[in-house]
Protein chains: 2
Amino acid sequence: MAHDVVRALGYLCLGTRLRRIGEQVQADSQRIMDSLDVPLQAGQYPLLAAISRLGPLSVGELAEALGVTQPGVTRAAGLLTKAGYLKVRKGKDDQRIRRLSLTGAGEALIARSRAEIWPMIEAAVRDVCDGLEGSLIAQLDGLEDALKEKPLHRRAFENEGNRR
Amino acid sequence: MAHDVVRALGYLCLGTRLRRIGEQVQADSQRIMDSLDVPLQAGQYPLLAAISRLGPLSVGELAEALGVTQPGVTRAAGLLTKAGYLKVRKGKDDQRIRRLSLTGAGEALIARSRAEIWPMIEAAVRDVCDGLEGSLIAQLDGLEDALKEKPLHRRAFENEGNRR
DNA sequence: ACATAAAATATAACACGTTATATAACAAGG
DNA sequence: CCTTGTTATATAACGTGTTATATTTTATGT
């Protein structure tokens, strides 16, 4: 990146910067998932993981647990339901509530993810963050440099034994 | 946030986390800008700042300088042109190139921003980042906590004298 | 019991990033 | 010169976040 203005602007562009790096990390993670034929978008994992961890949740509880707005959850959950990983049942007591839980396919996907996908992604992310230090800005600089030098998907498939 | 799953998942959800915090920082910055009647979206500042810093740039050069894709720049520049802050002139030599530069209104907006808006936003962001230390994850935890406790717009308008 | 408020979810409209592809101008070899 | 490839930009389609508002169900006060 010749003369990266967002980086040069430092604290003034922190929001833009965080978003940009987050998108890069997600895109790299997506490549790992695609290579392993995981039929999901990277951003859909947290929703499934939340239900897997906490049990069936309502739309509102999910929004709270994920730190996003309720309409975002409504849409994401709709897609995952259509894809067959979630099922909905109305609250028996309160008919407004739609409680979301994993289907069999959803449970299977989570089981596989927990066993082989997540450890791989997490190791790659740990690897790229390894050695970062200093101020937040300094660590973001380092993270971007490290991602550019060797993206997560290369770390996932090449660095099987060099965790410290 | 009761049981924040994205935070709990740590390195596995780093991409989602960075995006989420970046969106929060931008939303808070937007509130500062709205209060000061700055007629822009927060995300449009880097593009104007790049041209202000580096002089007239082509679409491709902007994409490079901002670290985003070319279609993203084409659209953002189109909006800023329609809003009257940018003007386009075709390359005299190479007719494919569209060189973007600031209009009078654009120059004026940048002058005002440099004088009063940017220092305010930057001070607020520095304030919220002040005292962060440790690993990247630890600093992100701290940043989210600090933003929740006192958002940027409150820091901008209340903390005029407590920079250390 | 019934009007009214509150809560849970859905829908609409928009912001802004991406990838894939189309178009237009330039460059180059036969 | 004229096909053919490359480069610069534009357009289209989509992903996923937001805010604002509508809809449906539950709770409440008189």
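Numbers restart at 1 for each chain; the letters A, B, ... are given by sequence-line order, proteins then strands. In this text the structure is predicted, and so the values were computed from the model without any measurement.
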Measure all distances between protein nitrogen or oxygen atoms and nitrogen or oxygen atoms of nucleotides 22-29 of chain C, and list the pairs falling under 3.5 Å.
| from | atom 1 | to | atom 2 | distance (Å) |
| --- | --- | --- | --- | --- |
| C:dC26 | OP1 | B:Q95 | N | 2.6 |

Dump the pairs, protein N or O against N or O of nucleotides 2-4 of chain D, anything under 3.5 Å, distances to one decimal.
none

Tabulate atom names and distances for all N/O pairs under 3.5 angstrom spanning the protein and nucleotides 14-17 of chain D.
| from | atom 1 | to | atom 2 | distance (Å) |
| --- | --- | --- | --- | --- |
| D:dG17 | N7 | A:R75 | NH2 | 2.6 |
| D:dG17 | O6 | A:R75 | NH2 | 2.9 |

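Evaluation of the salt bridge (Lys or Arg N to Asp or Glu O under 4.0 Å) test over residues 52-63 of chain A, restricted to residues two or more places apart or in two chains, returns A:E61-A:R99. Applying the ring-ring contact (aromatic ring centres under 6.0 Å, His included) rule to pairs touching residues 58-100 of chain B yields nothing, sequence neighbours excluded. Among residue pairs with one or both ends in residues 66-95 of chain A, those qualifying as salt bridge (Lys or Arg N to Asp or Glu O under 4.0 Å) are A:D94-A:R96; sequence neighbours excluded. Every pair tested for ring-ring contact (aromatic ring centres under 6.0 Å, His included) that includes a residue from residues 124-150 of chain B fails, sequence neighbours excluded, so the list is empty. Among pairs with a residue in residues 36-45 of chain B, those fulfilling side-chain hydrogen bond (donor to acceptor under 3.5 Å, both in side chains) read B:Y45-B:S113, at least two apart in sequence or across chains. Applying the salt bridge (Lys or Arg N to Asp or Glu O under 4.0 Å) test to pairs two or more places apart or on separate chains, those with a residue in residues 101-121 of chain A are A:R112-A:E116.
The distance between atom CD of B:E61 and atom P of D:dA8, rounded to the nearest whole Å, is 9 Å.
Not counting sequence neighbours, the partners of A:A49 by the side chain to side chain contact (heavy atoms under 4.5 Å, CB included) test are A:W118, B:L9. Considering only residues two or more places apart in sequence or on other chains, A:S35 meets the side chain to side chain contact (heavy atoms under 4.5 Å, CB included) condition with A:F157.
Taking CD1 of B:I32 as the start and NE2 of B:H153 as the end, the distance is 7.5 Å to the nearest 0.5 Å.
Note that the two end axes of the helix from C:dA1-D:dT30 to C:dG30-D:dC1 enclose an angle of 10°, each drawn from 5 base pairs, rounded to 10 degrees.
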